[in-house]
Amino acid sequence: MSGKRVLLLGGGGREHAMAWKLSQSSQLDQLFISPGNPGTANHGINIELNNSNFSLIEQFVEQENIDLIIVGPEQPLVDGIADYFADKNIAVFGPSKIAAQLEGSKEFAKDFMQAYSIPTADFKTFTADNFDDASEYTKSKGSYPVVLKADGLAGGKGVFICKDQDETDARLDQLQTDQKLKEAASTLVVEEFMEGEEASVFVISDGKDYKILHNAQDHKRIGEGDTGLNTGGMGAYSPAPIMSDEMLKRVDREIIKPTIDGMKKDGHPYKGVLYVGLMITEHGPKVVEYNCRFGDPECQVILPPLKNDLLELILSCVNGDIQSKDIELDDNYYCCVVMASEGYPTSYEKGKVISGIDTIDSDSIAFHAGTKLDNDTLITSGGRVLSIVGKGDSLQAAIDHAYKNLEKVTFSNNYFRSDIGKKGLEKLS
Ligand code: AMP
Ligand code: GLY
């Protein structure tokens, strides 16, 4: 069989991890990454396409005889890239526009879970013209904190956990007036607050069958001890000790299987990576959210232990025979610490010189995100700059390894959390 010519869309730490893993595939002929970053350039050819302009992508795909498009981030999927290329006989790894609504619309996801009795927080939906009713509703419930979620994609900025009615009313106001949130919040989900610990499970599905890839725990808040603003994710570790074999079986039985089966039954078979964000509550696992892609930075800790050829798994999904594959993982723990620009997730400076990447241990990995080359000098170009991944035969060893290597990398005004993995250690003790 001839090797595959693959176009990977995206340019963050997740896509560097994907490019790194895809480049190890025996099935790969050539990898292109749009737009990629200086890290992905070590594993393929970076190409600056507009990832929301599908007809321009199509021109490139024809020009370069691309066999397969792999989509890193959610936006092109929610915008229907899989449907666009389905008519054109180009394989796309990722769900259809409707199936991607599991991430693209919180209302769609909640209605779907309700229809299939998949455990999640109780909720009620409101439209922008009846936010007064939303306020009345939370008042009548009188249970705080309460969670407000803009229905559409909001880059992680559309979820508010409100401690009392005053905060709820202030946030309802903000959701109606903030130009950046207004569109995503034309529909609003008001949700019960779930107490517990979060974990993420990653599944790869061909629409009929699926395999669980791995699990991880993210750290979404900017500050130590999970305080401060929400971010894209400041670090992750895998596996998550809270995801015992028994818990994973329960998640599979109560959540993953009904999700894949339900989507198939509804006529929207889910093909691609399904990322299930969970809250492990005293009443068992419940879905916080679905995402239609790998997580970032979770991808950086779940691909290194994967022994399978990622491209082979992806091709199995595209060809509808994932059932024939067995997922094989190594026995190590992995910890990823994100080095960010001071000020992220609000405002921060760019253009700081990065040094020391070439001095990290050979079994540690620095995945690039907000970096760029200025002539031959590597400089910062974004909020989340690098993901430093350490491995070890215990969670503590993986954490130590990540931080030891992180200290070798410097750029001015860098910021990182020093407590990544701490929650996992507490669970183990
Ligand atoms: P989401 O975008 O839905 O994942 O929400 C972002 C973050 O808000 C989650 O990772 C949780 O930390 C928190 N969150 C969302 N919904 C709930 C909920 N119902 N109960 C408690 N925390 C929640
Ligand atoms: N790390 C969270 C996400 O990728 O959505």
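Just so you know, ligand 1 is whichever comes first in the structure, and atom 1 is the first atom listed for that ligand. Nothing here was measured: the structure is a model prediction, and the numbers come from that model.
For ligand 2 and Arg293, the ligand atoms under 4.0 Å from any heavy atom of the residue are 3 (C), 4 (O), 5 (O). Interface atoms of ligand 1 facing Ile161, defined by a heavy-atom separation under 4.0 Å, are 13 (C), 22 (N). Ligand 1 places these atoms under 4.0 Å from at least one heavy atom of Met279: 21 (C), 22 (N). When each atom of ligand 2 is checked for a heavy atom of Asp218 under 4.0 Å away, the hits are 1 (N), 2 (C). Of all atoms in ligand 1, numbered sequentially from 1 with element shown, those under 4.0 Å from a heavy atom of Lys220 are 10 (O). Ligand-side atoms of ligand 2 in range of Gly295: 4 (O), range being under 4.0 angstrom from any heavy atom. Annotation for ligand 1: atoms under 4.0 Å from non-hydrogen atoms of Phe193 are 20 (N), 21 (C), 22 (N).
Side-chain atoms of Asp309 and Ser25 include a donor-acceptor pair closer than 3.5 Å. Side-chain atoms of Gln396 and Asp400 include a donor-acceptor pair closer than 3.5 Å. Side chain to side chain, Ser34 and Asn51 meet the donor-acceptor criterion of an N or O pair below 3.5 Å. For the residue pair Tyr333 and Ser394, no side-chain donor N or O sits within less than 3.5 Å of a side-chain acceptor on the partner. For the 3.5 Å distance criterion, the side chains of Thr40 and Glu15 fail to qualify, holding no donor opposite an acceptor. Judged by distance alone, the side chains of Thr371 and Asn37 never bring a donor and an acceptor atom under 3.5 Å apart.
The aromatic rings of His43 and His16 sit tilted, their planes meeting at an angle between 30° and 60°. In this pair, Phe60 and Phe32 present their aromatic rings perpendicular. The plane angle is above 60°, beyond the 30 to 60° band. Between Phe108 and Phe112, the ring-plane angle classifies as parallel under the 30° and 60° cut-offs.
Remark: among candidates Lys149, Glu198, Lys157, Met194, the nearest residue to atom 11 (C) of ligand 1 is Glu198, based on non-hydrogen atoms. Distances from atom 5 (O) of ligand 1 to the heavy atoms of Val159, Leu148, Val146 put Val159 nearest.
Closest to atom 1 (P) of ligand 1, if we only count protein heavy atoms, is Glu289 OE1, 3.4 Å. Looking from atom 7 (C) of ligand 1 to the surrounding protein, the closest heavy atom is Asn230 ND2, 4.2 Å. For atom 19 (N) of ligand 1, the closest non-hydrogen atom on the protein side is Glu191 OE1, 2.7 Å.
A heavy-atom separation below 4.0 Å is not found between Glu195 and ligand 1. At least one heavy atom of Tyr275 sits less than 4.0 Å from an atom of ligand 2.
The proximity of Asp218 to ligand 1, defined as any non-hydrogen pair under 4.0 Å, does not occur for either the backbone or the side chain.
Considering backbone and side-chain N/O atoms, Arg14 never comes within less than 3.5 Å of an N/O atom of ligand 2. Considering backbone and side-chain atoms together, Phe294 places no N or O closer than 3.5 Å to any N or O of ligand 2.
For an aromatic pair to be called close, the ring centres must be under 6.0 Å apart, and Phe126 with Tyr137 satisfies this. In this structure, the ring of Tyr210 has its center no less than 6.0 angstrom from the ring center of Tyr270.
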